[in-house]
Amino acid sequence: MEINRCPHCMRELTGHRGGACPFCGFNAQKSPQPAEAMPRNTILNGKYLVGDVLGRGGFGITYIGFDLSLESRVAIKEYYPSGAAMRREGESELYWSSSYKFRSSREDAKNYFLKEARKMARVENIPSVVRVRETFLANETAYIVMDYVEGETLKARLRREGPMTYTACYALLRPMMQDLCKIHRQGVIHRDISPDNIMIQGDGSVKLLDLGAAKDLNKHSDEVSVPVGKNGYSPMEQYLNNGSIGPWTDVYALCATIYYACYGKRVPQSLERLEQDTLRFDLPTREPIPPYVVGALRKGLAVRAADRTQSVDALLDQLEEEQTTILGPARQPGAVPAPVPAAKPAKKTTPCPCPERCPGTPDGKRQSDRHWRSGSCGCGERAVRCALCRKAGRCTGHPGWDPRGRRGGGCKLGRAGGGKCRIRGV
């Protein structure tokens with residue numbers, strides 16, 4: 001059976017012979033496949049048609065592919081660590097370097113690559129994480145087949161439009177960060193979060209790609225672990241053979257991604273920061289970044305894991321701490337500390353006189369006097385901070401959002417009625 005599909009978009013080219021693809025305009029004759037990549041139209045595992053290279057990193061090559069049995073596009077990740085293997089042009093099989101330091105445990109390294117992917121394949125119903133379909137060994141290496149995600153990477157968006165405002169960046173990445181918390185609770189660390197692995201889909205939602213570097217913390221510590229590092233996004237522990245990997249590892253990469261998206265510059269390489277930390281937060285941005293966000297980013301980008309925010313849950317809390325500066329800007333050597341202003345006398349407050357059972361709260365119960373006295377009445381009376389999600393401004397209600405706290409996205413207190421209490425009408 002003759003297969004005639006565009007290697008770039010994988011559309012069927014019935015009756016089309018040579019020239020540009022009528023669907024995407026790609027001309028394969030003018031854009032040859034990179035020498036280190038598999039030839040186009042290679043068939044893997046008897047059913048996956050290999051197309052163009054989507055991306056190349058230190059850990060492997062990702063291709064667009066086509067599942068001939070299910071007739072759907074896929075993404076194929078090939079284990080191809082830089083400096084460890086080579087491929088003769090026009091061939092599919094890899095040849096491993098005799099000087100490769102993991103040569104004696106090469107099979108273990110490939111199996112480790114697949115084990116982590118299989119772990120991710122069992123993680124289901126997480127919208128922001130790409131689904132793993134299958135794993136297999138071929139051509140003296142390993143492959144992971146994932147869903148193909150259409151859209152534009154965050155890296156491409158930033159190159160096209162320039163840096164984002166922090167408000168837009170956080171709104172875009174927040175759902176993905178919440179889903180990453182679920183991944184971490186199942187003992188899996190991604191280890192390769194960066195703007196080129198975040199796909200922005202047509203509806204504005206994002207998908208976290210490239211699970212080839214994921215690490216399962218539930219595995220025994222004596223199993224082979226392959227060091228994975230990406231300059232500007234990987235923390236120090238990822239460059240070490242025995243580095244302590246955990247949720248704090250992805251925290252660093254997330255903060256580095258936010259930093260790049262807002263400041264337009266990559267964080268200096270983590271190992272170089274050990275000697276001299278040149279990371280700056282006083283660079284120009286499209287909108288001022290609140291001090292509490294700067295503090296959260298600084299703590300999330302701490303070089304040493306022990307000094308870093310330890311979980312994405314905690315990072316979300318810090319990024320949503322609307323009125324408290326978590327960590328002030330670092331004081332320069334020799335600088336005189338700023339004087340601490342005298343504390344203002346506390347204003348006299350009166351508990352909210354609303355009924356004991358306030359219908360403005362999800363469970364029908366009034367919030368504690370501590371919240372009511374602070375101006376964030378559960379029913380919305382002149383709310384400065386929502387009593388449940390602590391969101392700044394008057395609570396306007398967010399149907400369907402989790403009422404348990406700010407990580408859920410908001411609260412269900414209802415509409416504040418323009419600042420008037422819905423019960424008293426004042």
Rounded to the nearest 0.5 Å, how far does CD of Glu272 lie from CG of Asn231? 7.5 Å

Atom pair CD (Glu152) and CE (Met199), whose distance is rounded to the nearest 0.5 Å: 9.0 Å

Please list all pairs meeting salt bridge (Lys or Arg N to Asp or Glu O under 4.0 Å) that have one or both residues in [range], counting only residues at least two apart or in different chains.
| range | value |
| --- | --- |
| residues 175-186 | Asp179-Lys182, Arg185-Asp313 |
| residues 236-249 | Glu237-Arg308 |
| residues 193-204 | Asp196-Lys230 |
| residues 45-65 | Arg40-Asp52, Lys47-Glu134 |

Which heavy atom of Cys255 sits nearest a heavy atom of Gly300, and at what distance? SG-CA, 3.7 Å

Contacts of type ring-ring contact (aromatic ring centres under 6.0 Å, His included), residue Tyr263, not counting sequence neighbours: Tyr259

Keeping to residues at least two apart or across chains, list the ring pair (Phe, Tyr, Trp, His ring centres under 6.0 Å) pairs with something in residues 142-162.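 Qualifying pairs, neighbours excluded: Phe136-Tyr143.
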
So do Cys169 and Cys262 actually touch side chain to side chain, heavy atoms under 4.5 Å?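 Answer yes - side chains close enough.
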
Would the distance check show the side chain of Gln238 and the main-chain N or O of Asp192 forming a donor-acceptor pair, the cut-off being under 3.5 Å?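 It does not hold such a pair.
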
Do Arg88 side-chain atoms and Glu93 backbone N/O form a donor-acceptor pair below 3.5 Å?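 No, because the side chain of Arg88 does not come within donor-acceptor range (under 3.5 Å) of the backbone of Glu93.
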
Which donor-acceptor pairs under 3.5 Å do the side chains of residues 23-35 make with protein atoms, sequence neighbours left out?
residue	atom	partner	partner atom	Å
Asn27	OD1	Gln29	N	3.0
Gln33	NE2	Met38	O	3.1
Gln33	NE2	Gly51	O	3.1

Please name all residues satisfying salt bridge (Lys or Arg N to Asp or Glu O under 4.0 Å) with [X], sequence neighbours left out, ordered by chain then number.
| X | value |
| --- | --- |
| Glu36 | none |
| Arg280 | Asp282 |
| Asp147 | Arg131, Arg133 |

Could you pull out all residues at least two apart from Arg73 that satisfy side chain to side chain donor-acceptor pair (under 3.5 Å)? Glu150

My understanding is that only residues two or more places apart in sequence, or in another chain, count here; which of them pass side chain to side chain donor-acceptor pair (under 3.5 Å) with Asn111?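 In terms of side chain to side chain donor-acceptor pair (under 3.5 Å), with neighbours along the sequence ignored, Asn111 is linked to no residue.
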
Checking Arg87 against Tyr80: charged group under 6.0 Å from the ring centre and within 45 degrees of the axis? no

